[in-house]
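Notes for the one structure printed next.
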Amino acid sequence: MPELPEVETVVRDLRPLLVGRTVEAMWAGEQKLRRPWKVMWPRKLVGTRVSEINRRGKWIIISLTSKARGRPPAGFLLVHLGMTGQFTVMPSADPIKDHTHFLFFLDNRTNLQYRDPRRFGSVEWFPPNTDVEKHLGEKLGPEPFGLPAQPFRDAVRASKRTLKAILLDQSVVAGVGNIYADESLHRAKLHPETRGADLTDAGCDRLRKAIEVVLTRAIDGRGSTIRDYVGGSGLRGGFQNEFAVYGRGGEGCPTCGAEVQVLRVAGRSSHFCPACQPR
DNA sequence: CTGTAATCCTGCGAGC
DNA sequence: TGCTCGCAGGATTACA
């Protein structure tokens with residue numbers, strides 16, 4: 001579900017609700033997430049305080065600090081929302097929904113909760129001396145904002161894969177998923193099956209800028225809710241109403257009116273306008 | 001190197 | 001209604 005704009009919205013929502021709060025108690029369910037996690041949690045996270053929450057690609061990084069000397073070590077929580085993850089702060093009095101996998105009870109009668117019906121997400125704890133940015137950076141490409149032109153051209157043209165596959169590859173650019181890959185390709189007027197190696201300088205530059213514009217607008221719209229997604233305070237997104245092609249197969253292209261087509265590319269359904277995005 | 005399919009899961013809409 | 005089928009925002013792995 002969540003791509004960069006959704007994750008960014010969650011982080012922005014959660015920041016004022018979480019930073020400075022102390023974890024007073026915690027609960028974790030029995031079901032496995034994508035990676036083994038519960039056993040890694042020192043119970044001692046109780047008593048720690050949230051000092052920061054940040055995003056890198058589609059990952060959420062929560063920094064926990066010890067509240068006082070002699071208290072247990074804190075560290076970091078690395079969270080990925082997978083397809084259906086929801087990460088919210090809610091009043092403790094609210095009922096707990098199905099598929100909730102952990103709760104952090106905070107010091108102001110609220111709790112941080114992770115809910116994920118399909119359990120494709122993950123939650124991992126790392127010790128205080130971990131360089132989380134570096135750890136993520138080993139597999140993640142750069143953030144898609146303010147990218148310099150030449151390295152992006154080089155990265156795209158180094159591959160003979162389709163543009164769709166390249167955009168979904170988190171090691172090229174971090175944060176783009178199926179929705180925003182299709183929307184970016186439409187904005188750049190590039191066919192999803194075009195080969196990276198075949199792009200001109202101008203094509204690479206259009207694509208780079210299109211990604212940035214699309215993601216920025218999606219963040220402004222608080223992300224896209226197709227089914228499950230909610231932000232950190234439980235609010236749905238709004239950008240789904242501005243899709244040019246995603247989920248609009250058979251409907252008219254907003255630019256030229258031609259019928260939006262759907263193809264399977266890189267194993268994912270890919271929506272594009274055959275007139276605006278010729279091969 | 002590329003592409004494809006399967007895998008991890010639950011839920012929902014389409015079609016019969 | 002109720003059933004089956006296919007598909008869904010992600011990421012990894014095995015295999016051709």
Side-chain angles (χ1 to χ4, degrees), chain A residues 1-11 29-37 55-60 78-88 97-101 114-124 135-136 138-141 144 155-185 192-198 211 214-215 218-219 221-232 235-243 245-250 262-271:
Chain A
M1 143 254 267
E3 305 180 29
L4 187 152
E6 289 75 32
V7 178
E8 178 66 22
T9 302
V10 167
V11 167
E30 296 300 322
Q31 290 193 293
K32 288 180 183 172
L33 294 179
R34 187 162 233 302
R35 309 189 196 202
W37 53 290
R55 179 194 59 75
R56 174 78 171 88
K58 300 176 192 174
W59 295 88
I60 296 169
L78 201 53
V79 180
H80 198 293
L81 301 179
M83 292 272 259
T84 54
Q86 300 178 339
F87 207 29
T88 55
K97 293 179 181 162
D98 280 358
H99 306 298
T100 297
H101 298 107
Y114 181 75
R115 175 171 187 262
D116 185 358
R118 287 177 75 180
R119 286 184 270 140
F120 287 177
S122 63
V123 182
E124 290 172 280
H135 171 78
L136 286 173
E138 284 166 11
K139 287 188 169 183
L140 273 188
V156 169
R157 281 200 296 242
S159 174
K160 291 178 178 168
R161 295 135 85 201
T162 60
L163 291 179
K164 180 64 181 266
I166 293 169
L167 288 182
L168 292 176
D169 183 346
Q170 301 299 297
S171 72
V172 177
V173 170
V176 178
N178 206 35
I179 293 176
Y180 300 111
D182 285 3
E183 293 295 310
S184 299
L185 287 167
E193 286 182 309
T194 302
R195 302 279 155 178
D198 293 339
I211 293 167
V214 165
L215 293 178
I219 291 169
R222 296 185 43 82
S224 307
T225 297
I226 293 172
R227 178 170 290 158
D228 304 299
Y229 169 74
V230 293
L235 252 54
R236 295 163 61 84
F239 193 72
Q240 66 279 5
N241 300 318
E242 296 175 48
F243 289 164
V245 286
Y246 186 84
R248 297 192 63 250
V262 187
L263 264 185
R264 203 106 189 138
V265 185
R268 314 292 297 278
S269 65
S270 300
H271 313 71

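Remember, it's a predicted structure, so these values are computed and weren't measured experimentally. By convention in this document, chain letters (A, B, ...) are assigned in the order of the sequence lines, proteins followed by strands, and residues within each chain are numbered from 1.
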Do the rings of A/Tyr114 and A/Phe87 sit parallel, tilted or perpendicular, given the 30° and 60° boundaries? perpendicular

Any carboxylate oxygen within less than 4.0 angstrom of a Lys/Arg side-chain nitrogen, looking at A/Arg161 and A/Asp169? yes

Phosphate OP1/OP2 of B/dT2 contacted by A/Ser159 side-chain N/O (<4.0 Å): yes

Hey, is the side chain of A/Thr84 poking within less than 4.0 Å of OP1 or OP2 on B/dG11, counting only N and O atoms? no

With a non-hydrogen cut-off below 4.0 angstrom, is A/Arg161 in contact with a base, only sugar-phosphate, or nothing? sugar-phosphate

Under 3.5 Å donor-acceptor pair, A/Arg34 side-chain atoms to B/dC8 base atoms: yes

Does A/Gly177 reach a base, just sugar-phosphate, or nothing at all? Heavy atoms under 4.0 Å. sugar-phosphate

Which atom of A/Leu81 lies closest to which atom of A/Asp116, heavy atoms considered: O-OD2, 4.2 Å

Does any part of the side chain of A/Lys139, heavy atoms only, come nearer than 4.5 Å to the side chain of A/Gln170, both counted from C-beta? no

Using whole Å, report how far CG of A/Asp98 lies from C1' of B/dC12. 16 Å

Base, sugar-phosphate alone, or nothing: which one does A/Tyr246 contact when heavy atoms must sit under 4.0 Å apart? sugar-phosphate

To the side chain of A/Lys160, which of C/dG9, B/dT2, B/dT10 is closest? B/dT2

Figure out the CD1/P separation between A/Ile166 and B/dC1, and round it to whole Å. 14 Å

note: A/Ile226, atom CD1; B/dG11, atom C1'; distance rounded to Å ~ 15 Å

B/dT4 versus C/dC7 - spacing of their P atoms, nearest Å: 15 Å

OP1 or OP2 of C/dA11 under 4.0 Å from side-chain N/O of A/His80: yes

For atom C1', what is the distance between C/dG2 and B/dC9, given to the nearest Å? 23 Å

Whole-Å distance, A/Phe243 CZ to C/dA8 P, equals 14 Å

Taking CD from A/Glu3 and C1' from C/dG10, how many angstroms apart are they, rounded to a whole number? 9 Å

Atom pair distance, as rounded to whole Å: CZ in A/Arg115 and C1' in B/dT10: 10 Å

Now, which nucleotide makes the Watson-Crick or G-U wobble pair with B/dC16, with each of the two distances under 3.5 Å? C/dG2

So what does A/Ser122 hit on the nucleic acid, given a heavy-atom distance under 4.0 Å: a base, only sugar-phosphate, or nothing? nothing

Is it the case that the base of B/dC9 and the side chain of A/Arg118 share a donor-acceptor contact (distance under 3.5 Å, atom types as modelled)? yes

Would you say A/Asn178 and A/Tyr246 make side-chain contact, with heavy atoms under 4.5 Å? yes

Less than 5.5 Å between centroids and less than 30° between ring planes, does A/Phe120 satisfy that with C/dG10? yes

Between A/Ala165 and A/Arg227, which has a closest nucleotide on DNA chain B that is more 5'? A/Ala165

Atom C1', compared across B/dA5 and C/dG6: separation rounded to whole Å: 15 Å

Tell me whether the side-chain N/O atoms of A/Arg268 come closer than 4.0 Å to OP1 or OP2 in C/dG10. yes

From NZ of A/Lys32 across to P of B/dC9 the rounded distance in Å is 8 Å

Any side-chain N or O of A/Arg195 less than 4.0 Å from the OP1 or OP2 oxygen of B/dG3? yes

Check this for me, if you would: do A/Asp182 and A/Lys164 make a salt bridge, where the nitrogen-to-carboxylate-oxygen distance has to be below 4.0 angstrom? yes

Distance check: side-chain N/O of A/His99 vs OP1/OP2 of B/dG11, anything under 4.0 Å? yes

Using a heavy-atom cut-off of under 4.0 Å over every strand shown, decide if A/Lys58 touches base, sugar-phosphate, or nothing. sugar-phosphate

Is the distance from OP1 or OP2 of C/dA11 to the nearest side-chain N or O of A/Gln170 less than 4.0 Å? yes

According to the interplanar angle, ranging from 0 to 90°, do the rings of A/Phe239 and A/Tyr180 count as parallel (below 30°), tilted (30 to 60°) or perpendicular (above 60°)? tilted

Whole angstrom value for the distance that separates P of B/dT4 from CZ of A/Arg264: 10 Å

